[in-house]
Amino acid sequence: MDNQTRKNLKQDNFVQATTHGLEWAGENRRSVITTSILLFVVIVLLVGGVAIYNSRSDAAAADFGSAMLVYGSPIAAPGEPVAPGSKTYPTALDRAKAAHELFSATADKYSMTSAGHNARYFAALTEIEMGQTASAEATLQKLADGMDKNTAALAKVALASLYHQTGRDQQAIDLYNQLIAKPTETETAGMAKLQLGSLYESINRPDDAKKLYAELKDKDAKGAAGEVAAQRLNGGAGPQ
């Protein structure tokens, strides 16, 4: 077969392939157009959804920040000198009530955002300060069972403290052990061990506390948690 014949065959094959492709596109034109439109709509929705989520996340973070400013406001008795322009509250209860309103509003409005989850957590903390422990416990339990692992860990720590305060020490111990087994960015295994050790000491189980501290000291000798554990083993209280 000479070169010219090969060239003609290649051209014929190309023409046939192109013709078949055009025929298929013509026969399936409606399907092609519909699929293209659907794909375009999906892309637009995804891009728009991300933009809307980011916008709501920014707004949620701003509202959460405002609530945190209130929660961190100083307590000052009437007539006590304060810095010009600073917001103060006469009692911790008054401050908790004001912050709780803002945290709850942020959590309700932005429930699908990280800032909204954090706001719900702090709303529960302020409920505890306000003496509404039953409501706080229900909120913390929902957060502890939620998909946001970092907020869930914080909620479990708060729940453990609440359980201890209300005489349910075994439930508190179970939660700390869960956190030790599955640490997160907001609650490391070392932090959970120190907290569990403190709980053991408070319920007259010093041997269990010492065992935890010794284990933590050996495994995290140069870390902050390991240093605190070493202090406690040597008779120092160390940070809780």
Side-chain angles (χ1 to χ4, degrees), residues 56-78 80 82 86-180 182-188 191-192 194-200 202-203 239-240:
R56 286 185 62 79
S57 293
D58 290 343
D63 284 0
F64 176 66
S66 298
M68 285 298 292
L69 286 175
V70 171
Y71 196 41
S73 298
I75 304 299
E80 183 178 339
V82 296
S86 63
K87 176 68 174 178
T88 64
Y89 292 89
T91 67
L93 178 58
D94 290 319
R95 181 179 62 186
K97 288 179 178 178
H100 179 265
E101 184 177 345
L102 296 176
F103 284 133
S104 296
T106 300
D108 290 340
K109 188 174 181 180
Y110 304 106
S111 60
M112 300 300 292
T113 67
S114 178
H117 299 160
N118 291 335
R120 185 71 69 193
Y121 165 72
F122 276 95
L125 296 188
T126 50
E127 283 181 326
I128 293 175
E129 290 190 58
M130 295 158 58
Q132 300 174 6
T133 54
S135 177
E137 182 175 335
T139 299
L140 290 171
Q141 188 61 64
K142 288 180 180 179
L143 290 172
D145 294 336
M147 298 297 292
D148 187 327
K149 293 182 180 179
N150 288 327
T151 306
L154 292 174
K156 287 180 180 180
V157 173
L159 271 176
S161 178
L162 187 59
Y163 288 156
H164 174 52
Q165 293 172 19
T166 52
R168 292 173 285 173
D169 292 322
Q170 187 55 53
Q171 288 178 264
I173 292 170
D174 292 342
L175 282 179
Y176 284 131
N177 280 323
Q178 288 178 25
L179 293 166
I180 292 169
K182 295 182 178 180
T184 65
E185 294 177 2
T186 53
E187 180 73 6
T188 65
M191 293 167 60
L194 289 175
Q195 290 161 329
L196 179 55
S198 295
L199 175 59
Y200 280 146
S202 70
I203 59 176
Q240 296 298 308

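Everything numeric in this text was worked out from a predicted model, so none of it was measured. The first residue of the sequence shown is numbered 1, and numbering continues consecutively from there.
- From Leu179, atom CG reaches atom CG of Leu196 across 10.0 Å, with rounding to the nearest 0.5 Å.
- Smallest separation of non-hydrogen atoms from Ala144 and Ala152: O-CB, 3.6 Å.
- Sorted by first then second residue, the side chain to side chain donor-acceptor pair (under 3.5 Å) pairs that include residues 68-78, not counting sequence neighbours, are Tyr71-Glu129.
- Taking the charged nitrogens against the carboxylate oxygens, Glu137 and Lys142 have no contact shorter than 4.0 Å, which rules out a salt bridge.
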May I have the step-by-step check of side chain to side chain contact (heavy atoms under 4.5 Å, CB included) for Ile75 and Asp94, ending in yes or no? CA-CA 9 Å; Ile75 304 299; Asp94 290 319; over 6 Å; no
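- Each of Gln171, Gln170, Gln178 was scored for a side chain to side chain donor-acceptor pair (under 3.5 Å) with Asp174, with one residue passing: Gln170.
- The shortest side-chain heavy-atom distance between Leu159 and Gln141 falls under the 4.5 Å cut-off.
- A heavy-atom distance below 4.5 Å is found between the side chains of Lys97 and Met130.
- With hydrogens and angles disregarded, no donor-acceptor distance shorter than 3.5 Å links the side chain of Gln132 to the backbone of Glu127.
- Here the NE2-CD1 distance, from His100 to Ile128, works out to 10.5 Å after rounding to the nearest 0.5 Å.
- Between the side chain of His164 and the backbone N or O of Ala172, no donor-acceptor pair lies under 3.5 Å.
- Listed for the Ser161 side chain is no donor-acceptor partner under 3.5 Å among the backbone atoms of Val157.
- Here the shortest heavy-atom pairing between Tyr121 and Ala158 reads CE1-CB, 4.1 Å.
- By the 4.5 Å heavy-atom criterion applied to side chains, Asp169 and Tyr163 are not counted as neighbours.
- Remark: side-chain polar atoms of Ser104 are not paired, donor with acceptor, to backbone N or O of Glu101 under 3.5 angstrom.
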Phe103 vs Asn118, test: side chain to side chain contact (heavy atoms under 4.5 Å, CB included). Steps then yes/no. CA-CA 9 Å; Phe103 284 133; Asn118 291 335; over 6 Å; no
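- When Thr106, Asp148, Leu143, Thr151 are each tested for a side chain to side chain contact (heavy atoms under 4.5 Å, CB included) with Arg120, only one passes: Leu143.
- At a cut-off of 3.5 Å, with distance as the only test, no side-chain donor of Ser66 or Asp63 sits close to an acceptor on the other residue.
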Start with the C-alpha distance between Glu185 and Lys149, add both sets of side-chain angles, then the distance that settles side chain to side chain contact (heavy atoms under 4.5 Å, CB included), and finish with yes or no. CA-CA 9 Å; Glu185 294 177 2; Lys149 293 182 180 179; over 6 Å; no
Full working for side chain to side chain contact (heavy atoms under 4.5 Å, CB included) between Phe64 and Phe122: CA-CA 10 Å; Phe64 176 66; Phe122 276 95; 3.8 Å; yes
